[in-house]
Number of protein chains: 2
Amino acid sequence: MELDDTDRAILRLLQEDARTPFSEIARRIDMSSATVHDRVGRLEEAGVIEGYHARVDPKALGYDVSAFVGLRVEQGREEDALERLREIDGITEVHLTTGEYDVVMRVHAPDIDDLREIMFDNVAQMGGFARSQTMIILGTDYDAVGVPIPEGDDSMKESPGEFGEGTRSDSGSER
Amino acid sequence: MELDDTDRAILRLLQEDARTPFSEIARRIDMSSATVHDRVGRLEEAGVIEGYHARVDPKALGYDVSAFVGLRVEQGREEDALERLREIDGITEVHLTTGEYDVVMRVHAPDIDDLREIMFDNVAQMGGFARSQTMIILGTDYDAVGVPIPEGDDSMKESPGEFGEGTRSDSGSER
DNA sequence: GTTGAAAAAATATTGAG
DNA sequence: CTCAATATTTTTTCAAC
């Protein structure tokens with residue numbers, strides 16, 4: 001689906017606050033609320049808007065520990081492994097990655113002891129992993145809501161950062 | 001703030017769908033909508049509900065590449081480094097961690113070339129890092145919305161996974 | 001702390017142009 | 001895309017349990 005500036009403006013507002021009334025969105029982007037309603041509907045149908053969710057503080061729910069876990073998967077057991085990882089309680093993300101690990105996942109646990117249980121009694125025990133690295137999050141300095149949605153310019157291609165030439169050839173890993 | 005089962009039921013519904021009408025929540029948890037309204041207000045004020053956000057598909061916005069980046073920070077430059085990382089466009093999360101890296105961050109970019117620009121022209125250039133590892137996400141097998149919110153039982157302590165004894169002593173890293 | 005009811009305000013939705 | 005009418009939801013209030 002093709003997005004124009006108006007769509008992105010709407011997405012930016014809803015990503016920031018999903019409860020922004022259509023009437024207010026309409027005011028801010030200078031259009032009628034019926035139009036906003038129309039566009040939001042199309043964005044939802046097209047899957048651009050995947051859903052509306054309340055962000056809940058994990059600590060309030062008793063999750064005091066969170067970690068990234070890198071896993072090295074034994075050859076040929078990838079499918080198998082991924083299937084079962086998502087079933088484990090506390091694992092909220094499972095990604096296949098390049099680099100040092102084959103899988104990087106995010107884990108939430110009430111405390112260190114529970115994290116240990118998840119890692120040893122669940123993950124390690126299911127087998128198929130050559131090694132793991134647990135990166136416990138000591139603090140989160142920045143955690144944006146969603147992804148940055150550029151305003152104005154319709155072709156965001158060209159301006160990922162502030163600069164923009166750079167002529168190095170490798171794609172950068174392990175330096 | 002102390003949460004009871006009712007609060008958690010409300011949180012679960014709103015985390016799943018922030019637009020669930022209070023009246024429907026009331027029906028589902030078998031309470032009056034006035035109570036739901038009351039509780040939601042308190043949960044918001046207490047900061048348990050941090051906000052309501054639309055989840056937008058990064059690909060629809062032109063972000064085809066995402067990666068986790070591990071950074072080793074040179075001694076004494078932590079403060080400095082963190083401050084500036086969050087300013088870099090495309091970096092959506094910055095965490096301090098234990099393990100192999102001091103910092104783990106999440107990056108979103110339109111394509112590989114833009115990721116390279118972010119890493120070399122922005123991150124590497126700011127200095128203060130001993131080395132970095134870029135783990136490009138090849139695929140995401142599972143990405144839950146928020147954290148799991150247990151139902152029923154009021155004391156979630158004790159049942160992080162399915163099992164629950166385990167008597168090993170170290171906290172597990174590099175195996 | 002919760003309920004039920006009820007009225008007012010705001011918002012969302014729909015249909016015609 | 002807009003305007004105007006309609007339907008739904010949220011908010012607020014209050015007496016009662």
Side-chain angles (χ1 to χ4, degrees), chain A residues 1-57 59-62 145-146 149-156, chain B residues 1-57 60-61 145-146 149-156:
Chain A
M1 182 192 184
E2 274 299 297
L3 303 182
D4 61 17
D5 288 347
T6 302
D7 291 321
R8 276 195 293 276
I10 292 172
L11 290 173
R12 201 174 323 115
L13 290 167
L14 288 177
Q15 183 174 80
E16 186 57 38
D17 182 1
R19 293 204 156 172
T20 311
F22 288 0
S23 56
E24 190 185 331
I25 296 175
R27 245 188 332 94
R28 295 223 222 165
I29 65 178
D30 206 54
M31 287 198 168
S32 78
S33 71
T35 300
V36 173
H37 174 261
D38 211 60
R39 296 225 181 200
V40 170
R42 273 188 288 116
L43 290 168
E44 287 172 349
E45 278 186 38
V48 177
I49 293 177
E50 299 174 337
Y52 303 93
H53 310 280
R55 206 190 229 210
V56 179
D57 178 15
K59 287 204 172 142
L61 289 166
V145 169
I149 301 179
E151 56 188 322
D153 183 9
D154 206 311
S155 67
M156 62 178 289
Chain B
M1 181 193 185
E2 274 298 297
L3 303 183
D4 61 17
D5 288 346
T6 302
D7 291 321
R8 276 194 293 276
I10 292 172
L11 291 174
R12 201 174 322 113
L13 291 168
L14 288 177
Q15 183 175 80
E16 187 59 36
D17 182 1
R19 295 203 154 172
T20 311
F22 288 2
S23 55
E24 191 185 331
I25 296 176
R27 243 189 331 97
R28 294 222 223 165
I29 66 177
D30 209 54
M31 287 198 167
S32 78
S33 70
T35 301
V36 173
H37 174 260
D38 211 60
R39 295 227 182 197
V40 170
R42 272 188 286 116
L43 289 168
E44 287 172 350
E45 278 186 38
V48 176
I49 293 176
E50 299 173 336
Y52 303 92
H53 309 280
R55 203 191 231 209
V56 180
D57 177 16
L61 289 167
V145 169
I149 302 179
E151 55 187 323
D153 183 8
D154 206 312
S155 67
M156 62 178 290

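Order of the sequence lines sets the chain letters (A, B, ...), proteins ahead of strands, with each chain counted from 1. For clarity, every value in this text was computed on a predicted model and none was experimentally measured.
Straight-line distance from the CG atom of B:Asp4 to the P atom of C:dG1: 11 Å, rounded to whole Å. Atom CD1 of A:Ile29 is separated from atom C1' of D:dC1 by 11 Å (rounded to the nearest Å). Rounded to an integer number of Å, the gap from A:Leu13 CG to C:dT11 P is 15 Å. Atom-to-atom, OH of A:Tyr52 to C1' of C:dA12 comes out at 12 Å; the value is rounded to the nearest Å. To the nearest angstrom, P of C:dT3 lies 16 Å from CZ of B:Arg27. In this structure, the CG atom of A:Asp38 is 17 Å from the C1' atom of C:dT11, given to the nearest Å. If you measure from atom CE of A:Met31 to atom C1' of C:dA12, you get 19 Å, rounded to the nearest angstrom. Rounded to an integer number of Å, the gap from CG of A:Asp7 to P of D:dC1 is 8 Å.
In this structure, B:Leu14 and A:Val56 have side chains that are not in contact, with every pair of non-hydrogen atoms separated by 4.5 Å or more. Taking the side chain as every heavy atom from C-beta outward, A:Arg28 and A:Val36 never approach each other to under 4.5 Å.
Relative to the side chain of A:Phe22, the nucleotides C:dT14, C:dA12, C:dT2 differ in distance, and C:dA12 lies closest. Among D:dT9, D:dT2, C:dT13, the nucleotide with an atom closest to any side-chain atom of B:Pro21 is D:dT9. Candidate nucleotides C:dT3, D:dT9, C:dT11 were compared by shortest atom distance to the side chain of B:Thr35, and C:dT3 ranks first.
Salt-bridge annotation for B:Glu16 and B:Arg12: absent, with no side-chain N of the basic residue lying under 4.0 Å from a carboxylate O of the acidic one.
Taking only side-chain nitrogens and oxygens, B:Arg42 comes nearer than 4.0 Å to OP1 or OP2 of C:dT2. Taking 4.0 angstrom as the limit, A:Ser32 places none of its side-chain polar atoms (N or O) nearer than this to OP1 or OP2 of D:dC3. B:His37 has a side-chain polar atom (N or O) that falls below the 4.0 Å cut-off from OP1 or OP2 of D:dT11. Phosphate proximity of D:dT10 to A:Arg19: absent, as no side-chain N or O sits under 4.0 Å from OP1 or OP2.
The same atom, C1', is picked in C:dA8 and in D:dA16; the two are 22 Å apart, to the nearest Å.
Of all heavy-atom pairs spanning B:Arg8 and B:Leu3, the tightest one is NH1-O, 3.6 Å. Closest approach of B:Ser33 and B:Phe22 over heavy atoms only: CB-O, 4.1 Å.
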